[in-house]
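Below: one structure, written as structure tokens.
Keep in mind it's a predicted model, so treat the numbers as computed, not measured. Letters go in sequence order (proteins before strands), and every chain restarts at 1.
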Amino acid sequence: MEGKACHAQIIYVGLQTDVLTSNMLINMYAKCGLVDCARKVFDKMPERSLVSWNTMIGSLAQNGEEQEALTLFIGMQREGTTCSEFTVSSVLCACAAKCAMFECKQLHAFAIKAATDLNVFVGTALLRWYVQNELYEEALVLFHKAQMMGLEQNQFTISSTICACAGLAALIEGNQVHAVLRKTGLGSNIYVASSLIDMYAKCGCIGEAYIVFHSMEERSIVFWNAMISGFARHAHSLEVMILFEKMQQMSMYPNEVTYIAVLSACSHMGLVEKGQKYFNLMIKEHSLSPNVLHYSCMVDIFGRAGQIHEAYEMIKNMPFHATASIWGSLLSSCRVYGNLELAEVAAKQLFVLEPNNAGNHILLSNVYAANKKWEEVAKSRKLLKESEVKKERGKSWIEIKDKVHSFMVGERNHPKIAEIYSKLDHLVEELEKLDYKAETAHDLHYVEEGRKQELLRHHSEKLALTFGLMCLPSNAPIRIMKNLRICGDCHSFMKLASSFTGREIIVRDTNRFHHFRNGCCSCGDFW
DNA sequence: TTAGGGTTAG
């Protein structure tokens with residue numbers, strides 16, 4: 001109100017035409033959240049300076065009016081006003097919030113042309129934009145470029161970069177950033193430390209994540225959640241529960257994110273009663289309203305444990321429309337337990353919600369096959385073949401030195417592919433001596449048995465494993481990332497391979513880790 | 001007279 005009174009006084013004495021005063025007024029209104037008042041002052045200005053434009057664009061960007069900020073920026077260009085690093089960083093923030101990829105890419109080029117890309121504000125906004133839009137590789141390229149040019153790194157650029165490494169599960173890159181932290185001391189920042197825990201957990205190094213967790217005295221809720229989510233991702237349910245208790249002893253109370261981690265740990269381990277206990281605790285003890293993700297966890301908990309009807313009841317009674325992910329979880333459970341009736345219910349919903357997801361058709365045909373409904377299997381396969389729907393191809397990747405090696409199922413292009421196949425054949429022979437038999441039961445391609453076995457043998461994670469065995473030192477764990485869920489055959493194969501080679505093998509599939517050691521998997525064969 | 005930012009989610 002003081003500002004408004006002051007504005008009235010300025011108008012009274014006739015100072016409103018002064019550019020400097022108007023700029024200050026725009027700024028004052030924007031800081032008070034009165035962006036409309038700021039805009040009125042801006043619109044009435046007979047002439048505007050660069051600062052007027054910058055202040056107005058920045059105000060709009062910060063007050064959630066991103067589209068208007070972009071429109072004004074275009075207007076500024078049309079008027080021929082040269083922009084500065086202030087303009088570029090504000091407009092970049094607006095683009096990142098809007099996820100306007102095209103504008104952002106144009107703006108990046110614009111920033112380079114206007115020689116503003118070396119400005120720390122501009123660089124930070126660019127990095128943030130890339131990470132927010134999951135363009136992690138671009139983010140890392142930018143970070144390396146900044147490093148080569150000797151530009152300043154700060155806690156903001158570093159936490160975004162670590163987030164990019166986490167998104168790519170790029171451990172070697174992540175380790176390099178960690179080394180920068182050790183030199184600069186930026187690792188003691190709570191945001192940086194939280195993203196570091198997340199990065200190590202997502203790269204399969206849960207022990208490293210815990211070392212970071214243990215080293216910090218300051219602990220925020222996000223920091224606790226990052227560690228608990230990491231343990232959940234690795235199916236270390238006991239550690240999840242211990243930390244859940246410990247945080248409360250230290251007067252830090254769980255929030256919605258904590259409960260998602262706790263419930264997902266229960267689902268990965270088949271802990272139905274514990275899951276129900278936590279779900280009730282969340283509502284009654286901590287007064288939190290479960291969101292669609294919590295319900296999704298509960299459907300998963302019941303479904304994975306074979307309580308398909310309870311899972312379906314949960315869906316029917318929840319206060320939200322079920323998402324594709326929830327119906328997908330039910331359909332997967334139906335496949336595992338051969339429940340045809342509910343598989344058809346789930347599939348019907350999924351075909352509407354995800355018409356382009358071939359996996360749903362395949363799951364349904366698997367349930368038909370498990371129930372020996374061969375006519376329906378054929379119909380379902382025909383439908384899939386006729387539609388435009390394509391199944392996502394299996395892909396695995398592994399980091400060796402500073403390079404990511406990627407393998408598709410039946411890979412032909414890798415430079416060492418001949419040697420890989422030959423070594424893999426040899427490994428299969430050795431494992432067959434330990435009673436390994438290719439499990440083709442769930443692989444329902446209409447192909448003859450020999451060909452089925454060949455397809456299974458060339459699953460991408462087996463190729464990545466073989467390449468890891470060829471290239472990595474004998475004591476190094478082999479970390480493999482995969483874009484789909486690991487199949488039953490590869491799971492058995494990895495267990496035997498860990499025993500035969502004496503190696504630790506870590507496989508991350510769509511949303512969790514499997515640690516294979518001495519012939520066993522951390523998931524206890526429940527996933 | 002003008003700038004902001006980063007972390008956790010079945």
Side-chain angles (χ1 to χ4, degrees), chain A residues 18-28 30-31 38 42 48-59 61-62 83-94 96-97 116 119-129 131-132 154-164 166 186 189-199 201-202 209 212-213 219-230 232-233 254-268 275 290-301 303-304 323-326 328-329 332 510-512:
Chain A
D18 176 62
V19 174
L20 193 82
T21 313
S22 296
N23 290 346
M24 288 167 74
L25 275 171
I26 295 168
N27 195 30
M28 183 271 296
K31 291 256 163 66
F42 178 82
R48 297 164 186 135
S49 67
L50 172 62
V51 175
S52 321
W53 287 97
N54 288 346
T55 312
M56 193 63 238
I57 291 171
S59 308
Q62 278 167 47
C83 64
S84 69
E85 58 269 39
F86 284 79
T87 338
V88 178
S89 66
S90 295
V91 179
L92 271 173
C93 285
T116 59
N119 174 277
V120 66
F121 290 91
V122 173
T124 310
L126 270 173
L127 201 59
R128 177 179 163 238
W129 158 53
V131 172
Q132 274 196 337
N154 56 39
Q155 61 268 48
F156 306 106
T157 54
I158 291 279
S159 52
S160 289
T161 306
I162 296 171
C163 193
L186 288 168
N189 176 279
I190 189 80
Y191 287 83
V192 171
S194 305
S195 52
L196 206 55
I197 290 173
D198 182 55
M199 184 274 291
K202 285 183 178 159
V212 177
F213 177 79
R219 291 177 179 185
S220 66
I221 181 67
V222 175
F223 184 80
W224 280 97
N225 286 347
M227 191 66 243
I228 293 175
S229 303
R233 199 179 288 284
N255 68 6
E256 286 87 349
V257 179
T258 326
Y259 272 106
I260 286 170
V262 171
L263 292 174
S264 82
C266 293
S267 102
H268 289 318
N291 66 29
V292 71
L293 296 176
H294 300 104
Y295 278 98
S296 178
C297 288
M298 291 308 294
V299 169
D300 220 38
I301 287 174
R304 281 176 194 270
T323 57
S325 139
I326 293 181
S329 159
S332 296
T510 27
N511 62 5
R512 58 159 299 170

Measure from the side-chain N and O atoms of Ser52(A) to the backbone N and O of Ser49(A), and report whether any donor-acceptor pair falls under 3.5 Å.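 Looks like yes, one N/O pair under 3.5 Å.
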Counting only N and O atoms by type, is there a donor-acceptor contact under 3.5 Å from the side chain of Asn54(A) to the main-chain atoms of Ile57(A)?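 No, Asn54(A) side chain to Ile57(A) backbone: no donor-acceptor pair under 3.5 Å.
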How is [X] classified with respect to the nucleic acid when contacts are heavy atoms under 4.0 Å: base, sugar-phosphate, or nothing?
X         : value
Asn255(A) : nothing
Val262(A) : nothing
Arg219(A) : nothing

What is the distance, to the nearest angstrom, from the [atom1] atom on [X] to the [atom2] atom on [N]?
X         : N      : atom1 : atom2 : answer
Leu263(A) : dT8(B) : CG    : C1'   : 15 Å
Ile158(A) : dG6(B) : CD1   : C1'   : 11 Å
Met298(A) : dA9(B) : CE    : P     : 20 Å
Leu50(A)  : dT2(B) : CG    : P     : 13 Å
Lys202(A) : dT7(B) : NZ    : P     : 10 Å
Ile190(A) : dG5(B) : CD1   : P     : 19 Å
Asp198(A) : dG6(B) : CG    : C1'   : 13 Å
Asn225(A) : dG6(B) : CG    : P     : 18 Å

Per [X] side chain, nearest of listed nucleotides [options]:
X         : options                : answer
Phe121(A) : dA3(B), dA9(B), dT2(B) : dA3(B)
Phe156(A) : dA9(B), dA3(B), dG5(B) : dG5(B)
Thr124(A) : dT8(B), dA3(B), dG5(B) : dG5(B)
Ser194(A) : dT7(B), dG6(B), dT1(B) : dT7(B)
Phe86(A)  : dT2(B), dG5(B), dT7(B) : dT2(B)
Ile260(A) : dG6(B), dA9(B), dA3(B) : dA9(B)
Arg128(A) : dG5(B), dA3(B), dT8(B) : dG5(B)
Ser229(A) : dA9(B), dT2(B), dG6(B) : dA9(B)
Met24(A)  : dT1(B), dA9(B), dT2(B) : dT1(B)
Ser195(A) : dT7(B), dG5(B), dT2(B) : dT7(B)

With distance as the sole criterion, do the side chain of Ser89(A) and the base of dA3(B) form a donor-acceptor contact below 3.5 Å?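 Pair found.
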With distance as the sole criterion, do the side chain of Asn189(A) and the base of dG6(B) form a donor-acceptor contact below 3.5 Å?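 Such a pair is found, so the answer is yes.
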Would you say dT1(B) has OP1 or OP2 under 4.0 Å from some side-chain N or O of Lys31(A)?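 For dT1(B), neither OP1 nor OP2 has a side-chain N or O of Lys31(A) closer than 4.0 Å.
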Are any of Arg233(A)'s side-chain N or O atoms less than 4.0 Å away from OP1 or OP2 of dT8(B)?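 Arg233(A) to dT8(B) OP1/OP2: no side-chain N or O under 4.0 Å.
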Please name all residues satisfying ring-ring contact (aromatic ring centres under 6.0 Å, His included) with Phe86(A), sequence neighbours left out, ordered by chain then number.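 Phe86(A) satisfies ring-ring contact (aromatic ring centres under 6.0 Å, His included) with no residue once adjacent residues are dropped.
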Does the aromatic ring of Tyr191(A) sit over the six-membered base ring of dT7(B), closer than 5.5 Å centre to centre and tilted less than 30°?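 Whether judged by distance or by angle, Tyr191(A) falls short somewhere, so it does not stack on the base of dT7(B).
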Ser89(A): side-chain hydrogen bond (donor to acceptor under 3.5 Å, both in side chains) partners, not counting sequence neighbours: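 Not a single residue meets the side-chain hydrogen bond (donor to acceptor under 3.5 Å, both in side chains) criterion with Ser89(A).
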Is the NZ or CZ atom of Arg128(A) both under 6.0 Å from the centre of the six-membered ring of Phe156(A) and within 45° of that ring's axis?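 The answer is no, since Arg128(A) fails at least one limit relative to Phe156(A).
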Specify whether Phe213(A) and Phe223(A) have parallel, tilted or perpendicular ring planes, treating 30° as the upper limit for parallel and 60° as the lower limit for perpendicular.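 Judged by the thresholds at 30° and 60°, the geometry between Phe213(A) and Phe223(A) is parallel.
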